[in-house]
Amino acid sequence: MKLYEQQELHIYNSLSKKKEKFTPIHEGAIGMYVCGPTVYSNVHMGNCRTFLSFDLVFRYFKHLGYKVRYVRNITDAGHLENDGESGDDPILKKARLERIEPMEVVQKYTVDFHTTMEKFNALPPSIEPTATGHIIEQIDIVKTIISEGFAYVKNGSVYFDVVKFNEAHDYGKLSGRKLEDMITNTRELAAQSEKKNPQDFALWKKAEPQHIMRWPSPWSDGFPGWHLECTAMSTKYLGHQFDIHGGGMDLKFPHHECEIAQAEASNKQSPVNVWMHANMLTLNGKKMSKSTGNNILPNELISGNNDILSKAYPATVAKFFMFQAQYRSILDFSDEALAASEKGFYRLMDSFRSIDSISTSEKSSFDVTSWRQACYNAMNDDFNSPILIAHLFEASKQINAFKEGTESITEEDLKLLQKTMHDFLFDVLGLVDTTHETGDDSSKLNGAIELLIELRNQARANKDFSTSDRIRDELQEVGIHLKDGKEGTTYSLN
RNA sequence: GGCAUCAUGGCCGAGUGGCUAGGCAGAGGUCUGCAAAACCUUCUACAGCGGUUCGAAUCCGCUUGAUGCCUCCA
(Lines give C-alpha, C1' and ligand atoms only; values in the text may rest on other atoms or scores of the structure.)
Protein backbone atom coordinates (compact mmCIF):
# COMPACT_ATOMS: atom_id res chain seq x y z
CA MET A 1 0.00 0.00 0.00
CA LYS A 2 1.37 3.33 -1.05
CA LEU A 3 1.68 6.09 1.50
CA TYR A 4 -0.56 8.37 -0.54
CA GLU A 5 -3.43 5.94 -0.04
CA GLN A 6 -3.18 6.52 3.71
CA GLN A 7 -2.75 10.28 3.67
CA GLU A 8 -5.41 12.74 2.57
CA LEU A 9 -3.73 15.74 1.04
CA HIS A 10 -5.44 19.11 0.72
CA ILE A 11 -4.06 21.87 -1.48
CA TYR A 12 -5.10 25.50 -1.74
CA ASN A 13 -6.23 26.12 -5.30
CA SER A 14 -5.80 29.71 -6.47
CA LEU A 15 -8.51 29.15 -9.06
CA SER A 16 -11.25 28.20 -6.58
CA LYS A 17 -9.64 30.19 -3.74
CA LYS A 18 -10.22 27.20 -1.45
CA LYS A 19 -8.38 24.27 -0.02
CA GLU A 20 -9.39 21.19 -1.97
CA LYS A 21 -8.81 17.50 -1.48
CA PHE A 22 -6.16 16.55 -3.97
CA THR A 23 -6.83 13.69 -6.38
CA PRO A 24 -4.56 13.29 -9.39
CA ILE A 25 -6.07 12.77 -12.83
CA HIS A 26 -4.22 9.48 -13.21
CA GLU A 27 -4.03 7.41 -10.07
CA GLY A 28 -0.60 7.32 -8.55
CA ALA A 29 0.89 9.79 -11.01
CA ILE A 30 1.16 13.57 -10.91
CA GLY A 31 1.93 16.07 -13.63
CA MET A 32 3.29 19.35 -12.28
CA TYR A 33 4.45 22.43 -14.16
CA VAL A 34 6.29 25.32 -12.53
CA CYS A 35 7.32 28.55 -14.22
CA GLY A 36 11.10 28.76 -14.10
CA PRO A 37 13.41 31.75 -14.32
CA THR A 38 14.11 34.13 -17.16
CA VAL A 39 17.85 33.68 -17.46
CA TYR A 40 19.24 37.14 -17.95
CA SER A 41 20.70 37.62 -14.46
CA ASN A 42 21.55 35.72 -11.29
CA VAL A 43 18.59 34.33 -9.39
CA HIS A 44 18.11 36.12 -6.07
CA MET A 45 16.78 34.77 -2.77
CA GLY A 46 13.23 35.73 -3.68
CA ASN A 47 13.38 33.66 -6.84
CA CYS A 48 14.85 30.83 -4.80
CA ARG A 49 11.98 30.87 -2.33
CA THR A 50 9.48 29.98 -5.04
CA PHE A 51 11.60 27.18 -6.41
CA LEU A 52 12.25 25.83 -2.93
CA SER A 53 8.54 25.96 -2.14
CA PHE A 54 7.84 23.77 -5.12
CA ASP A 55 10.82 21.59 -4.31
CA LEU A 56 9.03 20.87 -1.03
CA VAL A 57 5.86 20.02 -2.94
CA PHE A 58 7.76 17.78 -5.35
CA ARG A 59 9.59 16.05 -2.52
CA TYR A 60 6.44 15.43 -0.53
CA PHE A 61 4.65 13.95 -3.54
CA LYS A 62 7.59 11.65 -4.09
CA HIS A 63 7.72 10.76 -0.42
CA LEU A 64 4.05 9.80 -0.56
CA GLY A 65 4.91 7.37 -3.33
CA TYR A 66 3.55 9.24 -6.32
CA LYS A 67 5.22 9.03 -9.67
CA VAL A 68 5.77 12.69 -10.49
CA ARG A 69 6.62 14.36 -13.76
CA TYR A 70 7.88 17.77 -12.74
CA VAL A 71 8.39 20.19 -15.61
CA ARG A 72 10.09 23.51 -14.98
CA ASN A 73 10.99 25.70 -17.92
CA ILE A 74 13.88 28.01 -18.64
CA THR A 75 12.77 31.21 -20.32
CA ASP A 76 15.53 32.04 -22.75
CA ALA A 77 13.62 34.17 -25.26
CA GLY A 78 10.56 36.25 -25.73
CA HIS A 79 10.17 37.78 -22.32
CA LEU A 80 9.84 41.49 -23.02
CA GLU A 81 10.26 44.24 -20.48
CA ASN A 82 6.82 45.52 -21.22
CA ASP A 83 3.75 44.08 -22.72
CA GLY A 84 5.12 42.92 -26.07
CA GLU A 85 4.57 46.31 -27.57
CA SER A 86 7.78 48.26 -27.69
CA GLY A 87 9.84 46.69 -24.93
CA ASP A 88 13.28 45.19 -24.94
CA ASP A 89 14.11 41.57 -24.44
CA PRO A 90 16.20 41.61 -21.23
CA ILE A 91 18.40 38.84 -22.60
CA LEU A 92 19.24 40.89 -25.68
CA LYS A 93 19.81 43.93 -23.55
CA LYS A 94 22.24 42.05 -21.35
CA ALA A 95 24.00 40.60 -24.41
CA ARG A 96 24.58 44.09 -25.77
CA LEU A 97 25.77 45.28 -22.39
CA GLU A 98 28.24 42.45 -21.89
CA ARG A 99 29.09 42.26 -25.61
CA ILE A 100 28.36 38.58 -25.84
CA GLU A 101 25.90 36.40 -27.74
CA PRO A 102 22.37 36.20 -26.31
CA MET A 103 22.86 32.47 -25.93
CA GLU A 104 26.00 33.13 -23.88
CA VAL A 105 23.85 35.17 -21.52
CA VAL A 106 21.37 32.34 -21.37
CA GLN A 107 24.05 29.75 -20.76
CA LYS A 108 25.77 31.75 -18.06
CA TYR A 109 22.66 32.33 -16.00
CA THR A 110 21.21 28.88 -16.59
CA VAL A 111 24.39 27.43 -15.12
CA ASP A 112 24.17 29.88 -12.22
CA PHE A 113 20.60 28.82 -11.60
CA HIS A 114 21.50 25.14 -11.56
CA THR A 115 24.47 25.51 -9.22
CA THR A 116 22.36 27.67 -6.93
CA MET A 117 19.59 25.10 -6.79
CA GLU A 118 22.19 22.46 -5.95
CA LYS A 119 23.49 24.57 -3.09
CA PHE A 120 19.99 24.60 -1.66
CA ASN A 121 19.75 20.85 -2.19
CA ALA A 122 16.76 21.26 -4.49
CA LEU A 123 16.02 18.27 -6.68
CA PRO A 124 16.26 18.84 -10.43
CA PRO A 125 12.94 18.68 -12.28
CA SER A 126 12.09 15.72 -14.49
CA ILE A 127 12.14 17.88 -17.60
CA GLU A 128 13.62 21.36 -17.95
CA PRO A 129 12.59 22.59 -21.39
CA THR A 130 13.59 25.90 -22.97
CA ALA A 131 11.45 28.35 -24.90
CA THR A 132 13.88 28.44 -27.82
CA GLY A 133 13.75 24.67 -28.04
CA HIS A 134 9.99 24.78 -28.61
CA ILE A 135 9.48 27.42 -31.29
CA ILE A 136 7.72 24.99 -33.61
CA GLU A 137 5.26 23.93 -30.93
CA GLN A 138 4.57 27.57 -30.12
CA ILE A 139 3.94 28.46 -33.78
CA ASP A 140 1.50 25.54 -33.98
CA ILE A 141 -0.49 26.91 -31.05
CA VAL A 142 -0.62 30.36 -32.62
CA LYS A 143 -1.99 28.80 -35.81
CA THR A 144 -4.67 26.99 -33.86
CA ILE A 145 -5.69 30.08 -31.90
CA ILE A 146 -5.95 32.07 -35.15
CA SER A 147 -8.07 29.36 -36.76
CA GLU A 148 -10.32 29.30 -33.71
CA GLY A 149 -10.82 33.02 -34.23
CA PHE A 150 -9.22 34.26 -31.02
CA ALA A 151 -6.19 35.97 -32.53
CA TYR A 152 -5.46 38.46 -35.29
CA VAL A 153 -2.42 39.34 -37.38
CA LYS A 154 -1.16 42.89 -37.58
CA ASN A 155 2.02 43.92 -39.41
CA GLY A 156 3.57 40.49 -39.02
CA SER A 157 2.74 40.20 -35.31
CA VAL A 158 -0.05 38.11 -33.85
CA TYR A 159 -2.17 39.23 -30.90
CA PHE A 160 -4.60 37.37 -28.72
CA ASP A 161 -8.06 38.93 -28.90
CA VAL A 162 -9.02 39.12 -25.23
CA VAL A 163 -12.37 40.81 -25.80
CA LYS A 164 -13.44 38.16 -28.30
CA PHE A 165 -12.23 35.41 -25.98
CA ASN A 166 -14.12 36.87 -23.05
CA GLU A 167 -17.42 36.68 -24.94
CA ALA A 168 -17.44 32.89 -24.61
CA HIS A 169 -14.93 32.40 -21.78
CA ASP A 170 -14.02 34.03 -18.51
CA TYR A 171 -10.83 36.05 -18.86
CA GLY A 172 -9.78 36.98 -15.33
CA LYS A 173 -11.14 34.04 -13.40
CA LEU A 174 -7.77 33.17 -11.89
CA SER A 175 -6.77 36.63 -10.72
CA GLY A 176 -10.31 37.72 -9.82
CA ARG A 177 -10.50 40.46 -12.41
CA LYS A 178 -13.28 41.52 -14.71
CA LEU A 179 -12.46 42.56 -18.25
CA GLU A 180 -14.89 45.48 -18.12
CA ASP A 181 -13.09 46.85 -15.07
CA MET A 182 -9.74 46.47 -16.77
CA ILE A 183 -10.96 48.32 -19.83
CA THR A 184 -12.44 51.09 -17.71
CA ASN A 185 -9.24 51.49 -15.75
CA THR A 186 -6.82 51.32 -18.60
CA ARG A 187 -3.94 53.69 -18.29
CA GLU A 188 -3.31 56.02 -21.15
CA LEU A 189 -1.43 54.46 -23.99
CA ALA A 190 1.92 56.05 -24.52
CA ALA A 191 2.48 54.94 -28.09
CA GLN A 192 0.52 53.99 -31.14
CA SER A 193 -0.62 50.44 -30.72
CA GLU A 194 -1.07 47.57 -33.10
CA LYS A 195 -3.48 46.01 -30.66
CA LYS A 196 -7.24 46.29 -30.88
CA ASN A 197 -7.39 46.57 -27.10
CA PRO A 198 -4.73 47.25 -24.52
CA GLN A 199 -5.64 43.97 -22.80
CA ASP A 200 -4.65 41.95 -25.86
CA PHE A 201 -1.29 40.26 -25.60
CA ALA A 202 1.31 39.16 -28.13
CA LEU A 203 1.45 35.57 -29.32
CA TRP A 204 4.08 36.31 -31.93
CA LYS A 205 6.17 39.43 -32.39
CA LYS A 206 7.78 40.52 -35.63
CA ALA A 207 11.46 41.20 -34.98
CA GLU A 208 12.97 44.59 -35.67
CA PRO A 209 16.00 44.42 -38.00
CA GLN A 210 18.46 44.78 -35.10
CA HIS A 211 16.72 42.03 -33.07
CA ILE A 212 19.02 39.04 -33.48
CA MET A 213 16.94 36.42 -31.67
CA ARG A 214 14.53 35.55 -34.49
CA TRP A 215 12.86 32.57 -36.04
CA PRO A 216 10.86 32.19 -39.27
CA SER A 217 7.09 31.87 -39.02
CA PRO A 218 4.08 32.18 -41.33
CA TRP A 219 3.64 35.79 -40.18
CA SER A 220 7.17 37.20 -39.96
CA ASP A 221 10.68 36.51 -38.83
CA GLY A 222 10.19 37.07 -35.15
CA PHE A 223 9.86 35.53 -31.73
CA PRO A 224 7.12 34.09 -29.53
CA GLY A 225 5.24 35.98 -26.83
CA TRP A 226 6.21 35.22 -23.28
CA HIS A 227 3.01 33.51 -22.17
CA LEU A 228 3.08 31.10 -25.06
CA GLU A 229 6.07 29.01 -24.10
CA CYS A 230 4.46 27.70 -20.93
CA THR A 231 1.33 26.67 -22.77
CA ALA A 232 3.38 24.94 -25.46
CA MET A 233 5.68 23.08 -23.12
CA SER A 234 3.17 22.13 -20.46
CA THR A 235 0.85 20.76 -23.14
CA LYS A 236 3.64 18.87 -24.85
CA TYR A 237 4.94 17.13 -21.74
CA LEU A 238 1.88 16.96 -19.49
CA GLY A 239 -1.07 16.95 -21.86
CA HIS A 240 -4.05 19.19 -22.45
CA GLN A 241 -5.07 18.83 -18.85
CA PHE A 242 -2.75 18.22 -15.93
CA ASP A 243 -2.74 18.27 -12.14
CA ILE A 244 -0.72 21.20 -10.89
CA HIS A 245 0.63 24.45 -12.23
CA GLY A 246 2.78 26.52 -9.92
CA GLY A 247 4.69 29.75 -9.93
CA GLY A 248 5.32 32.92 -8.02
CA MET A 249 2.39 35.03 -6.92
CA ASP A 250 3.55 37.80 -9.23
CA LEU A 251 2.91 35.60 -12.25
CA LYS A 252 -0.77 35.13 -11.47
CA PHE A 253 -1.64 38.11 -13.61
CA PRO A 254 -1.14 38.47 -16.46
CA HIS A 255 1.06 35.45 -17.15
CA HIS A 256 -1.05 32.62 -15.79
CA GLU A 257 -4.31 34.27 -16.80
CA CYS A 258 -2.98 34.41 -20.35
CA GLU A 259 -1.86 30.80 -20.20
CA ILE A 260 -5.39 29.76 -19.31
CA ALA A 261 -6.77 31.86 -22.16
CA GLN A 262 -4.34 30.40 -24.68
CA ALA A 263 -5.03 26.84 -23.60
CA GLU A 264 -8.80 27.30 -23.58
CA ALA A 265 -8.70 29.02 -26.96
CA SER A 266 -6.63 26.27 -28.54
CA ASN A 267 -7.71 23.13 -26.65
CA LYS A 268 -11.22 24.11 -25.59
CA GLN A 269 -10.57 23.03 -22.03
CA SER A 270 -9.15 24.43 -18.85
CA PRO A 271 -5.57 23.22 -18.73
CA VAL A 272 -4.89 22.91 -15.02
CA ASN A 273 -6.76 21.39 -12.10
CA VAL A 274 -4.88 23.06 -9.27
CA TRP A 275 -3.12 26.40 -9.55
CA MET A 276 -0.58 27.01 -6.78
CA HIS A 277 1.09 30.33 -6.07
CA ALA A 278 4.07 30.79 -3.81
CA ASN A 279 4.20 34.09 -2.02
CA MET A 280 6.92 36.69 -2.17
CA LEU A 281 10.08 37.00 -0.14
CA THR A 282 10.46 40.61 0.91
CA LEU A 283 13.47 42.60 1.97
CA ASN A 284 12.96 45.72 4.08
CA GLY A 285 9.24 45.08 3.75
CA LYS A 286 9.32 45.26 -0.04
CA LYS A 287 9.26 42.51 -2.60
CA MET A 288 12.68 41.37 -3.74
CA SER A 289 13.11 42.44 -7.29
CA LYS A 290 15.68 42.13 -10.00
CA SER A 291 14.93 45.49 -11.53
CA THR A 292 14.92 47.67 -8.41
CA GLY A 293 17.96 46.00 -6.91
CA ASN A 294 16.12 45.28 -3.67
CA ASN A 295 17.46 41.77 -3.32
CA ILE A 296 20.17 39.53 -1.96
CA LEU A 297 21.85 36.82 -3.99
CA PRO A 298 22.45 33.29 -2.68
CA ASN A 299 26.20 33.71 -3.00
CA GLU A 300 26.07 36.90 -0.97
CA LEU A 301 24.18 35.02 1.74
CA ILE A 302 26.53 32.05 1.80
CA SER A 303 29.74 34.09 1.68
CA GLY A 304 28.50 36.74 4.09
CA ASN A 305 29.63 39.31 1.52
CA ASN A 306 26.69 41.70 1.74
CA ASP A 307 25.44 44.78 3.56
CA ILE A 308 22.26 43.19 4.88
CA LEU A 309 23.38 40.36 7.12
CA SER A 310 25.78 40.39 10.04
CA LYS A 311 27.34 37.06 9.11
CA ALA A 312 27.40 34.28 6.55
CA TYR A 313 24.66 31.65 6.62
CA PRO A 314 24.69 28.19 5.06
CA ALA A 315 22.17 27.70 2.28
CA THR A 316 20.34 25.03 4.24
CA VAL A 317 19.78 27.45 7.14
CA ALA A 318 18.14 29.93 4.76
CA LYS A 319 15.98 27.10 3.46
CA PHE A 320 14.98 26.12 6.99
CA PHE A 321 14.17 29.76 7.70
CA MET A 322 11.91 29.90 4.64
CA PHE A 323 10.14 26.69 5.61
CA GLN A 324 9.33 28.13 9.02
CA ALA A 325 6.78 30.19 7.13
CA GLN A 326 4.05 28.66 4.99
CA TYR A 327 4.60 29.06 1.24
CA ARG A 328 1.45 31.18 0.79
CA SER A 329 2.53 33.79 3.35
CA ILE A 330 4.69 36.78 2.62
CA LEU A 331 8.00 36.34 4.40
CA ASP A 332 10.40 39.11 5.26
CA PHE A 333 14.09 38.38 5.02
CA SER A 334 16.09 39.80 7.91
CA ASP A 335 19.24 39.12 9.83
CA GLU A 336 17.40 38.78 13.13
CA ALA A 337 14.90 36.25 11.82
CA LEU A 338 17.59 34.27 10.05
CA ALA A 339 19.78 34.14 13.15
CA ALA A 340 16.82 32.88 15.20
CA SER A 341 16.20 30.12 12.66
CA GLU A 342 19.83 29.16 12.59
CA LYS A 343 19.94 28.48 16.34
CA GLY A 344 16.80 26.41 16.15
CA PHE A 345 18.10 24.52 13.13
CA TYR A 346 21.29 23.44 14.89
CA ARG A 347 19.37 22.45 17.99
CA LEU A 348 17.12 20.26 15.89
CA MET A 349 20.04 18.68 14.07
CA ASP A 350 21.91 18.06 17.33
CA SER A 351 19.01 16.26 18.87
CA PHE A 352 18.43 14.19 15.73
CA ARG A 353 22.06 13.11 15.78
CA SER A 354 21.83 12.16 19.44
CA ILE A 355 19.04 9.63 18.85
CA ASP A 356 21.70 6.91 18.53
CA SER A 357 22.80 7.40 22.12
CA ILE A 358 19.36 6.80 23.63
CA SER A 359 18.90 3.66 25.68
CA THR A 360 15.52 2.02 25.17
CA SER A 361 12.99 0.61 27.63
CA GLU A 362 10.22 -1.94 27.86
CA LYS A 363 7.53 0.70 27.52
CA SER A 364 7.04 3.97 25.68
CA SER A 365 5.70 7.01 27.48
CA PHE A 366 5.50 8.89 24.18
CA ASP A 367 2.99 8.05 21.47
CA VAL A 368 5.24 7.96 18.43
CA THR A 369 2.53 6.78 16.05
CA SER A 370 0.21 9.69 16.66
CA TRP A 371 3.12 12.14 16.66
CA ARG A 372 4.13 10.76 13.28
CA GLN A 373 0.61 11.17 11.93
CA ALA A 374 0.60 14.74 13.24
CA CYS A 375 3.65 15.40 11.07
CA TYR A 376 1.80 14.04 8.06
CA ASN A 377 -1.31 16.01 8.94
CA ALA A 378 0.75 19.20 8.87
CA MET A 379 2.02 18.49 5.38
CA ASN A 380 -1.36 17.22 4.24
CA ASP A 381 -2.80 20.61 5.14
CA ASP A 382 -1.48 22.51 2.13
CA PHE A 383 2.17 21.75 2.85
CA ASN A 384 2.22 23.46 6.22
CA SER A 385 5.93 23.20 6.87
CA PRO A 386 5.96 25.51 9.94
CA ILE A 387 3.58 23.15 11.74
CA LEU A 388 5.68 20.20 10.65
CA ILE A 389 8.79 21.88 12.04
CA ALA A 390 6.97 22.60 15.32
CA HIS A 391 6.29 18.85 15.60
CA LEU A 392 9.93 18.08 14.88
CA PHE A 393 10.90 20.38 17.75
CA GLU A 394 8.46 18.52 19.93
CA ALA A 395 10.27 15.29 19.06
CA SER A 396 13.53 17.02 19.87
CA LYS A 397 12.22 17.78 23.33
CA GLN A 398 11.18 14.16 23.77
CA ILE A 399 14.60 12.95 22.65
CA ASN A 400 16.18 15.00 25.44
CA ALA A 401 13.74 13.52 27.92
CA PHE A 402 14.63 9.98 26.78
CA LYS A 403 18.28 10.79 27.36
CA GLU A 404 17.54 12.22 30.78
CA GLY A 405 15.45 9.16 31.59
CA THR A 406 12.39 11.21 32.49
CA GLU A 407 10.56 9.62 29.55
CA SER A 408 10.98 6.16 28.10
CA ILE A 409 10.72 4.61 24.66
CA THR A 410 10.87 1.10 23.23
CA GLU A 411 13.41 0.12 20.63
CA GLU A 412 10.73 -0.25 18.00
CA ASP A 413 9.24 3.18 18.71
CA LEU A 414 12.66 4.76 18.72
CA LYS A 415 13.38 3.34 15.29
CA LEU A 416 10.11 4.73 14.00
CA LEU A 417 10.87 8.10 15.54
CA GLN A 418 14.30 8.17 13.99
CA LYS A 419 13.02 7.13 10.58
CA THR A 420 10.22 9.68 10.66
CA MET A 421 12.55 12.49 11.63
CA HIS A 422 14.98 11.45 8.94
CA ASP A 423 12.22 11.27 6.34
CA PHE A 424 10.92 14.73 7.09
CA LEU A 425 14.21 16.52 7.75
CA PHE A 426 16.10 15.20 4.78
CA ASP A 427 13.71 13.67 2.24
CA VAL A 428 10.75 16.05 2.55
CA LEU A 429 12.30 19.33 3.70
CA GLY A 430 15.51 18.49 1.90
CA LEU A 431 17.73 19.94 4.62
CA VAL A 432 21.43 19.19 4.91
CA ASP A 433 23.22 18.48 8.17
CA THR A 434 26.14 20.83 7.62
CA THR A 435 27.95 19.71 10.74
CA HIS A 436 28.38 16.29 9.21
CA GLU A 437 30.44 17.52 6.31
CA THR A 438 33.96 16.48 7.17
CA GLY A 439 36.80 16.09 4.73
CA ASP A 440 40.40 14.99 5.23
CA ASP A 441 41.49 18.41 6.40
CA SER A 442 38.87 18.57 9.07
CA SER A 443 39.73 15.10 10.34
CA LYS A 444 43.30 16.32 10.85
CA LEU A 445 41.91 19.35 12.62
CA ASN A 446 39.69 17.04 14.62
CA GLY A 447 42.69 15.08 15.85
CA ALA A 448 44.47 18.25 16.93
CA ILE A 449 41.46 19.58 18.80
CA GLU A 450 40.86 16.24 20.50
CA LEU A 451 44.42 16.42 21.79
CA LEU A 452 43.88 19.95 23.14
CA ILE A 453 40.66 18.86 24.79
CA GLU A 454 42.51 16.01 26.47
CA LEU A 455 45.28 18.31 27.68
CA ARG A 456 42.74 20.77 28.99
CA ASN A 457 40.85 18.08 30.87
CA GLN A 458 44.10 16.89 32.45
CA ALA A 459 44.84 20.43 33.54
CA ARG A 460 41.35 20.73 34.97
CA ALA A 461 41.79 17.47 36.87
CA ASN A 462 44.99 18.93 38.33
CA LYS A 463 43.14 22.15 39.12
CA ASP A 464 45.54 23.99 36.83
CA PHE A 465 42.79 26.32 35.67
CA SER A 466 45.06 28.94 34.16
CA THR A 467 46.24 26.35 31.61
CA SER A 468 42.78 24.92 31.00
CA ASP A 469 41.21 28.35 30.54
CA ARG A 470 43.98 29.42 28.23
CA ILE A 471 43.30 26.46 25.94
CA ARG A 472 39.59 27.19 25.97
CA ASP A 473 39.94 30.94 25.42
CA GLU A 474 42.56 30.79 22.71
CA LEU A 475 40.63 28.17 20.76
CA GLN A 476 37.60 30.42 21.09
CA GLU A 477 39.57 33.25 19.55
CA VAL A 478 40.31 31.27 16.39
CA GLY A 479 36.67 30.25 16.15
CA ILE A 480 36.66 26.86 17.89
CA HIS A 481 34.12 26.69 20.65
CA LEU A 482 34.45 24.01 23.34
CA LYS A 483 31.31 22.64 24.91
CA ASP A 484 31.48 20.73 28.19
CA GLY A 485 28.71 18.19 28.41
CA LYS A 486 27.88 15.28 30.65
CA GLU A 487 29.57 12.84 28.30
CA GLY A 488 32.72 14.85 27.83
CA THR A 489 33.77 17.82 25.81
CA THR A 490 32.75 18.48 22.21
CA TYR A 491 33.48 21.44 19.97
CA SER A 492 31.93 23.45 17.20
CA LEU A 493 33.52 25.62 14.55
CA ASN A 494 32.80 29.35 14.24
C1' G B 1 -7.40 55.28 -9.34
C1' G B 2 -9.07 49.76 -9.87
C1' C B 3 -8.69 44.67 -7.95
C1' A B 4 -6.76 41.59 -4.17
C1' U B 5 -4.28 40.05 0.25
C1' C B 6 -2.64 40.82 5.06
C1' A B 7 -2.55 43.18 10.24
C1' U B 8 -0.96 37.88 16.25
C1' G B 9 3.18 38.61 22.38
C1' G B 10 10.33 42.03 22.44
C1' C B 11 11.39 39.63 17.22
C1' C B 12 10.05 35.77 13.43
C1' G B 13 5.94 33.12 12.47
C1' A B 14 1.35 28.92 12.88
C1' G B 15 -3.63 28.25 14.02
C1' U B 16 -8.60 28.56 15.49
C1' G B 17 -15.90 30.37 16.94
C1' G B 18 -15.07 27.87 23.49
C1' C B 19 -9.24 23.48 24.35
C1' U B 20 -0.59 24.78 24.99
C1' A B 21 1.51 26.28 18.21
C1' G B 22 6.73 26.38 17.44
C1' G B 23 11.52 29.00 17.04
C1' C B 24 14.64 33.19 18.82
C1' A B 25 15.25 36.64 22.73
C1' G B 26 14.09 37.71 28.23
C1' A B 27 13.51 35.62 33.38
C1' G B 28 14.30 31.54 36.92
C1' G B 29 16.65 26.81 37.64
C1' U B 30 19.85 22.08 36.83
C1' C B 31 24.81 20.97 35.52
C1' U B 32 29.89 23.17 35.97
C1' G B 33 36.26 24.93 39.30
C1' C B 34 34.38 29.38 36.65
C1' A B 35 32.18 30.53 32.08
C1' A B 36 30.03 28.92 27.72
C1' A B 37 27.14 25.02 25.86
C1' A B 38 23.29 21.71 26.88
C1' C B 39 18.78 20.67 29.35
C1' C B 40 14.20 21.98 32.38
C1' U B 41 10.49 25.67 33.84
C1' U B 42 8.29 30.31 32.68
C1' C B 43 6.02 35.78 31.49
C1' U B 44 4.06 39.00 27.66
C1' A B 45 -0.89 38.26 22.09
C1' C B 46 -4.29 38.38 18.55
C1' A B 47 -4.55 46.84 14.72
C1' G B 48 -9.01 50.16 16.17
C1' C B 49 -14.41 50.67 16.38
C1' G B 50 -19.16 48.49 15.84
C1' G B 51 -22.27 43.99 14.87
C1' U B 52 -23.75 38.46 14.86
C1' U B 53 -23.36 34.71 18.93
C1' C B 54 -24.38 31.67 25.19
C1' G B 55 -19.23 32.74 23.75
C1' A B 56 -14.82 35.89 18.73
C1' A B 57 -8.42 37.14 18.31
C1' U B 58 -11.22 33.51 14.91
C1' C B 59 -17.57 35.21 11.29
C1' C B 60 -19.71 40.19 9.21
C1' G B 61 -19.25 45.65 8.49
C1' C B 62 -16.52 50.09 8.86
C1' U B 63 -11.83 52.69 9.95
C1' U B 64 -6.64 52.84 9.90
C1' G B 65 -2.09 50.82 8.21
C1' A B 66 1.00 47.59 5.10
C1' U B 67 1.92 44.79 0.87
C1' G B 68 1.01 42.60 -4.02
C1' C B 69 -1.01 42.89 -9.04
C1' C B 70 -2.85 46.33 -12.78
C1' U B 71 4.37 47.78 -16.89
C1' C B 72 9.78 43.43 -16.48
C1' C B 73 10.51 40.25 -12.11
C1' A B 74 9.52 33.79 -8.51
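Note on naming: letters A, B, ... go to the chains in the order of the sequence lines (proteins, then strands), and numbering restarts at 1 for each one.
Judged by ring centres under 5.5 Å apart and planes tilted less than 30 degrees, A:Phe51 fails to stack against the six-membered base ring of B:A74.
The same atom, P, is picked in B:C60 and in B:C6; the two are 10 Å apart, to the nearest Å. Straight-line distance between the P atoms of B:G50 and B:A25: roughly 39 Å, to the nearest whole Å. Annotation: B:G9 and B:C46 have their P atoms spaced 8 Å apart (nearest Å). With both ends at atom P, the span from B:C62 to B:A45 equals 29 Å, rounded to whole Å. A distance of about 9 Å separates the P atoms of B:A14 and B:A7, rounded to the whole Å.
Using a 4.0 Å heavy-atom cutoff across all strands shown, A:Arg177 reaches at least one base atom of the nucleic acid. A:Ser341 comes within contact range of no nucleotide atom at all, as no heavy-atom separation falls under 4.0 Å. Nucleic acid contact for A:Gln326: sugar-phosphate only, since backbone atoms but no base atoms lie under 4.0 Å from a heavy atom of the residue. Backbone-only contact: A:Ala337 has heavy atoms under 4.0 Å from sugar-phosphate atoms and none from a base. When heavy atoms are screened at a 4.0 angstrom cut-off, A:Lys286 is found touching the sugar-phosphate backbone but no base atom. Across all strands, A:Asn400 comes closer than 4.0 Å only to sugar-phosphate atoms, never to a base (heavy-atom distances). Among the heavy atoms of the strands, none lies under 4.0 Å from A:His391. Residue-level contact check: A:Thr282 touches neither bases nor backbone, having no heavy atom under 4.0 Å from any strand.
Atom NE2 of A:His277 and atom P of B:C3 are 21 Å apart (whole Å). Rounding to whole angstrom units, CD1 of residue A:Ile387 and P of B:G23 are separated by 12 Å. Nucleotide B:A38 holds its P atom 15 Å from the CD1 atom of A:Ile399, rounded to whole Å. Spacing between atom CG of A:Asn457 and atom C1' of B:C34 amounts to 15 Å, rounded to whole angstrom units. Between A:Glu394 atom CD and B:A21 atom C1' there is a gap of 10 Å when expressed in whole angstrom units. Across the protein-nucleic acid pair, A:Asp332 atom CG and B:G68 atom P stand 11 Å apart, rounded to whole Å.
Seen from the ring of A:Tyr313, A:Lys311 counts as a face-on cation partner, given the 6.0 Å and 45° thresholds.
When each of B:A74, B:U67, B:C34 is scored by its nearest atom to the side-chain atoms of A:Ile330, the top-ranked nucleotide is B:U67.
Residue A:Arg347 has no polar side-chain atom (N or O) positioned under 4.0 Å from OP1 or OP2 of B:A38.
Ring geometry, A:Phe165 versus A:Tyr171: the interplanar angle exceeds 60°, so the pair is classed perpendicular (tilted spans 30 to 60°). Using the six-membered ring where Trp is involved, A:Tyr327 and A:Phe383 have ring planes that are perpendicular, over 60° apart on the 30 and 60° scheme. Taking the six-membered ring where the residue is Trp, A:Phe223 and A:His211 present parallel rings, their angle staying beneath 30° rather than reaching 60°. In this structure, A:Tyr33 and A:Phe242 have tilted ring planes: the angle between them lies in the 30° to 60° band.
A salt bridge links A:Asp55 to A:Arg59: one of the charged nitrogens lies within less than 4.0 Å of a carboxylate oxygen.
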